[in-house]
Number of protein chains: 2
Amino acid sequence: MSTSMRNLLKRIMATPGSNRAKRSSSPKRPIRGYHHGNLRRALLDAAAKILEANDAGELGLRAVARMAGVSQAAPYRHFADKQALLAAVAEEGFRTMSEAMRHAAASARDPAERLLGLGVGYVEFATAHRAHFRVMFGRELIDKSQFPDLAKAASEAFSVLYDTILECQRAGVTRRDDPAEQAFAAWSIVHGLANLIVNEQLSLAGKSPATLALDITRNLIDGMRPR
Amino acid sequence: MSTSMRNLLKRIMATPGSNRAKRSSSPKRPIRGYHHGNLRRALLDAAAKILEANDAGELGLRAVARMAGVSQAAPYRHFADKQALLAAVAEEGFRTMSEAMRHAAASARDPAERLLGLGVGYVEFATAHRAHFRVMFGRELIDKSQFPDLAKAASEAFSVLYDTILECQRAGVTRRDDPAEQAFAAWSIVHGLANLIVNEQLSLAGKSPATLALDITRNLIDGMRPR
DNA sequence: ACCTGAACACCGTTCAAGT
DNA sequence: ACCTGAACACCGTTCAAGT
């Protein structure tokens, strides 16, 4: 690994205070409710805690209720069903991911480096929050289109990438093809790598996920340069 | 879309008699057992049938038993637990996929085209057998390393790709970098695209999965050319 | 308005008992 | 040797009842 590459990785990966989305209760809801004071928030926090502690298993509604210290039926006052809870969890995941990607991009000094940063940030997020990543992209949350807030959070994460692609085109880093298609290509390659790593389908052979992500994204950009 | 591209797609996608793995009972087992004559095979067939009919839901052990016309406890004579059944299902999926990829590659006239064919074949397989694809790569089958036959089938599918990468390097289509890394890049990009499509995360905007796969793979190869 | 307890229909899994 | 029926501990979900 060259020293310039090492430096790039270092800059891209410097962690901020915390990547975690802020968990302060929204101003729309009263500070204290009946027994719990915003049980909705408590349930989402419990879900996040379970996902972080237990990389493998399912996220059960009863388990979430148990961790929040309420009865199994209590969540139904705040979420229509398990799908709705999962959608809210996934939504927060997308917000955290957008934040992580924006941070990774912010330290870059030019559009090409920004795109590399996004790729590394994406894979870093996935490996650091494996279970959360699975809820966001997996299939226990069956019909994502039913949850507009989730769709919005997801498309906001996508536009971080899309905007960077546009920047790259304007700067002459990539050719002026359909930007959506270039974004799909970039998304596909980091998403595929993230999935293969998270599901332990790939033998890393000593390389860190970030290094792999960097190599792979760099190669992709090479293929998109003006010719 | 250029006509040469159309021709390439046509050649790559010409379907053989059937992509399905052969389901004849293995010679190791007697042709008739107690009640069912190879209930193991009947269960795997039932599982495949359920996966094909029901793209969304979980694959339940009881549901498989029901479809095979046996009691809920019967599968335990043939599979240690649900994980073992899923592993066998995934294993057959990998065999079918290897076959599909080999077929897609066989019609190609040079290494570069063969690599494109693999990419298209991969994404085609995923979209044509969504539920099966999810069992192969998803997380309801938790620890794939516990099942050596599955690991072998998966790594055989991977070597179809790896061999083609080696061929491309020898033919001067791609540069002589670490072939494993090039294979990872190729795998990542088609796997990512397949996942995004299968989980409905991507708006196809009228394009077929195969066309997208072709464009994306072509772009990747451009990035790997000798410089 | 918000939560509990008990119930229902489902799972995966086990085990004695049947042929 | 292979399968069944009943049981167990778990789910998600509903609903009357409690505060």
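Below, chain A is the first sequence line, B the second, and so on; all start at residue 1. Note that the coordinates shown come from a computational prediction; the quantities given were computed from them, not determined experimentally.
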Asks: Between C1' on C:dG12 and CD on B:E140, what's the gap in Å once rounded to a whole number?
Replies: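 Interatomic distance, CD of B:E140 to C1' of C:dG12: 15 Å.
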Asks: Enumerate, in order of first residue number, the stems that involve DNA chain C, defined as 3 or more consecutive Watson-Crick or G-U wobble pairs with both distances under 3.5 Å.
Replies: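 As far as DNA chain C goes, consecutive pairing (with distances under 3.5 Å) yields the stems C:4-8 with D:12-16, C:12-16 with D:4-8.
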Asks: When you measure from the side chain of B:L61, which nucleotide among C:dC15, C:dT13, D:dT13 comes out closest?
Replies: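 Among the listed nucleotides, the one closest to the side chain of B:L61 is C:dT13.
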Asks: Look at the side chain of A:T127 and the backbone N and O of A:V123, then say whether any donor-acceptor pair between them is shorter than 3.5 Å.
Replies: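 Answer holds: yes.
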Asks: Do the rings of B:W187 and B:F184 sit parallel, tilted or perpendicular, given the 30° and 60° boundaries?
Replies: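 Because their plane-to-plane angle lies in the 30° to 60° range, the rings of B:W187 and B:F184 count as tilted.
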Asks: Without decimals, in angstroms, what is the distance between A:N38 CG and C:dC2 P?
Replies: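 Checked: the CG to P distance equals 11 Å.
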Asks: Compare the minimum distances between each of D:dG12, C:dT4, C:dC11 and the side chain of B:R66, then state the nucleotide with the smallest one.
Replies: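 Output: C:dC11.
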Asks: Is any side-chain nitrogen or oxygen of A:H78 closer than 4.0 Å to OP1 or OP2 of C:dC3?
Replies: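 A:H78 to C:dC3 OP1/OP2: side-chain N or O found under 4.0 Å.
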Asks: Of the nucleotides C:dA7, D:dG5, D:dT14, which has the atom closest to the A:Y76 side chain?
Replies: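 Nearest listed nucleotide: D:dT14.
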Asks: Can we call the ring centroids of B:F133 and B:H191 under 6.0 Å apart?
Replies: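 Yes.
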Asks: Which residue lies toward the 5' end of DNA chain C, B:D81 or B:R77, if each is placed at its nearest nucleotide?
Replies: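 By nearest-heavy-atom nucleotide position, the 5'-most residue is B:D81.
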Asks: Assign the ring pair B:Y162 / B:F158 to parallel, tilted or perpendicular, where the plane angle (0 to 90°) is split at 30° and 60°.
Replies: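 Tilted.
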Asks: Less than 6.0 angstrom separating the ring centers of A:F137 and A:F94, yes or no?
Replies: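 When the ring centroids of A:F137 and A:F94 are compared, they turn out to be within the sub-6.0 Å range.
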Asks: Scan A:Q72 against the nucleic acid and name what it touches under 4.0 Å (heavy atoms): base, sugar-phosphate only, or nothing.
Replies: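 A:Q72: base contact, heavy atoms under 4.0 Å.
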